[in-house]
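Okay, structure first, notes after.
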Amino acid sequence: PRWRAVEIAPGATLGSAGCYVTCVAMLASGAGYTDTPPQVLAKLRSADCFSGALLTRPERIPRVYPKLQWGGRRDWRAELVPASDLAWLKEQIAHRGPTIIEVDFDRSGTLNPHFVLALRWTDADDDIVILDPLDGQQKTLLAAYGRSGGLARWLYGVRLLQIAERR
């Protein structure tokens, strides 16, 4: 809420379209940087990471945050019934740490992309504990953004921006 009015591009603010930038800020914080989301936004702009309000060139993020590395992206969108690779994602989180994942913000039947930071699997190993940039709270993915159909149904993508050297 503190930075929700900061403009990303005309008609888009951190409050309306800044979840990806805020996830980058959270990862940068985990790597030891102290930049706020508006400062991250400014640095990403300086690295030409944006097309309008969309962070379309995330591979440039390490130019301004060298402790982060870009490993590509995976999308699971098959008519909004993804076949996400949970075993692969579990391995990524276990070995590389917190990972940006894409979920459906409002579950209306038309994908409304929202990015959250996947922190770890639950003890029961059937859900993911996330840090939500919307409110800064930890919660489980299914409780926040799922309904019926299991975890794979509610994962739409992964953005492999992660801390280069885990402590």
Side-chain angles (χ1 to χ4, degrees), residues 1-4 14-33 35-37 40 44 49 53-56 58-59 61-62 65 67-167:
R2 181 175 172 188
W3 300 294
R4 74 178 333 137
L14 284 176
S16 66
C19 54
Y20 196 174
V21 170
T22 304
C23 283
V24 172
M26 291 187 289
L27 277 172
S29 175
Y33 298 99
D35 293 344
T36 64
V40 170
L44 297 183
C49 294
L54 300 177
L55 204 167
T56 56
E59 68 278 3
I61 294 171
Y65 292 105
K67 294 179 187 174
L68 299 179
Q69 66 184 17
W70 176 250
R73 66 184 273 174
R74 282 197 182 183
D75 292 302
W76 299 302
R77 298 178 187 169
E79 298 179 21
L80 297 182
V81 182
S84 55
D85 186 342
L86 295 180
W88 176 84
L89 181 58
K90 188 178 291 187
E91 183 177 311
Q92 292 300 309
I93 294 169
H95 295 293
R96 298 182 67 184
T99 303
I100 299 171
I101 59 174
E102 182 181 15
V103 299
D104 185 3
F105 182 72
D106 61 13
R107 303 170 293 202
S108 65
T110 302
L111 180 62
N112 183 357
H114 180 53
F115 294 96
V116 299
L117 195 60
L119 301 176
R120 65 186 174 281
W121 289 84
T122 60
D123 291 339
D125 213 27
D126 61 353
D127 202 350
I128 300 172
V129 177
I130 63 169
L131 183 56
D132 195 338
L134 187 64
D135 58 13
Q137 300 296 308
Q138 284 190 30
K139 51 190 88 168
T140 64
L141 187 146
L142 288 175
Y145 297 105
R147 287 189 296 199
S148 62
L151 186 60
R153 170 66 181 90
W154 302 106
L155 289 169
Y156 292 90
V158 176
R159 305 301 180 265
L160 291 171
L161 178 71
Q162 295 169 310
I163 299 170
E165 295 180 24
R166 292 189 57 201
R167 298 179 190 125

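Note that the numbering runs from 1 along the sequence shown for the chain. No hydrogens, no waters, no symmetry mates; every other heavy atom, side chains included, goes into these values.
- A donor-acceptor contact shorter than 3.5 Å links the side chain of Thr22 to the backbone of Gly18.
- At a threshold of 4.5 Å between non-hydrogen side-chain atoms, the residues Val21 and Val24 do not count as touching.
- Side-chain atoms of Arg96 and Ile163, non-hydrogen and from C-beta on, never get closer than 4.5 Å to each other.
- Pro133 has its side chain within reach of Met26: a pair of non-hydrogen atoms, C-beta onward, lies under 4.5 Å apart.
- Here the side chains of Trp121 and Asp126 are not in contact, with every heavy-atom distance at 4.5 Å or above.
- Environment of CG in Asp123: sparse, with no more than 12 heavy atoms of neighbouring residues, nucleotides or ligands closer than 6.0 Å.
- Taking 4.5 Å as the limit, every side-chain heavy atom of Leu27 sits out of range of all side-chain heavy atoms of Arg159.
- Taking each heavy atom of Cys19 and Phe115 in turn, the nearest pair found is SG-N, 3.3 Å.
- Seen from the ring of Trp88, Arg74 counts as a face-on cation partner, given the 6.0 Å and 45° thresholds.
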Could you walk me through whether Ile100 and Val158 satisfy the side chain to side chain contact (heavy atoms under 4.5 Å, CB included) test, starting with their C-alpha distance in whole Å, then the side-chain angles of each, then the deciding distance to 0.1 Å, before giving a yes or no? CA-CA 6 Å; Ile100 299 171; Val158 176; over 6 Å; no
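- For Asp135 against Gln137, the heavy-atom pair with the smallest separation is OD1-N, 2.9 Å.
- Atoms OH and CG, from Tyr20 and Leu117 in turn, are 11.5 Å apart once rounded to the nearest 0.5 Å.
- Between Phe105 and Tyr145, the ring planes lie tilted relative to each other; the angle falls in the 30° to 60° range.
- A 4.5 Å side-chain heavy-atom check between Val116 and Leu134 finds every atom pair outside the cut-off.
- Side-chain contact between Pro58 and Leu161 is absent, with no heavy atoms from C-beta onward closer than 4.5 Å.
- When the options Arg120, Gln138, Lys139 are evaluated for a side-chain contact (heavy atoms from CB on, under 4.5 Å) with Ile130, the one that passes is Lys139.
- Thr122 and Asp127 share no side-chain donor-acceptor pair at under 3.5 Å.
- For the atom pair Leu14 CG and Thr36 OG1, the distance stands at 9.0 Å (nearest 0.5 Å).
- Without hydrogens or angle criteria, Thr99 side chain to Gly97 main chain gives a donor-acceptor distance under 3.5 Å.
- To the nearest 0.5 Å, atoms SG (Cys49) and CD (Glu59) are separated by 7.5 Å.
- Here Leu89 contributes atom CG and Leu160 contributes atom CG; the two are 8.5 Å apart, rounded to the nearest 0.5 Å.
- Expressed to the nearest 0.5 Å, how far CH2 of Trp76 lies from CD1 of Ile101 amounts to 8.5 Å.
- By the 4.5 Å heavy-atom criterion applied to side chains, Trp70 and Ile61 are not counted as neighbours.
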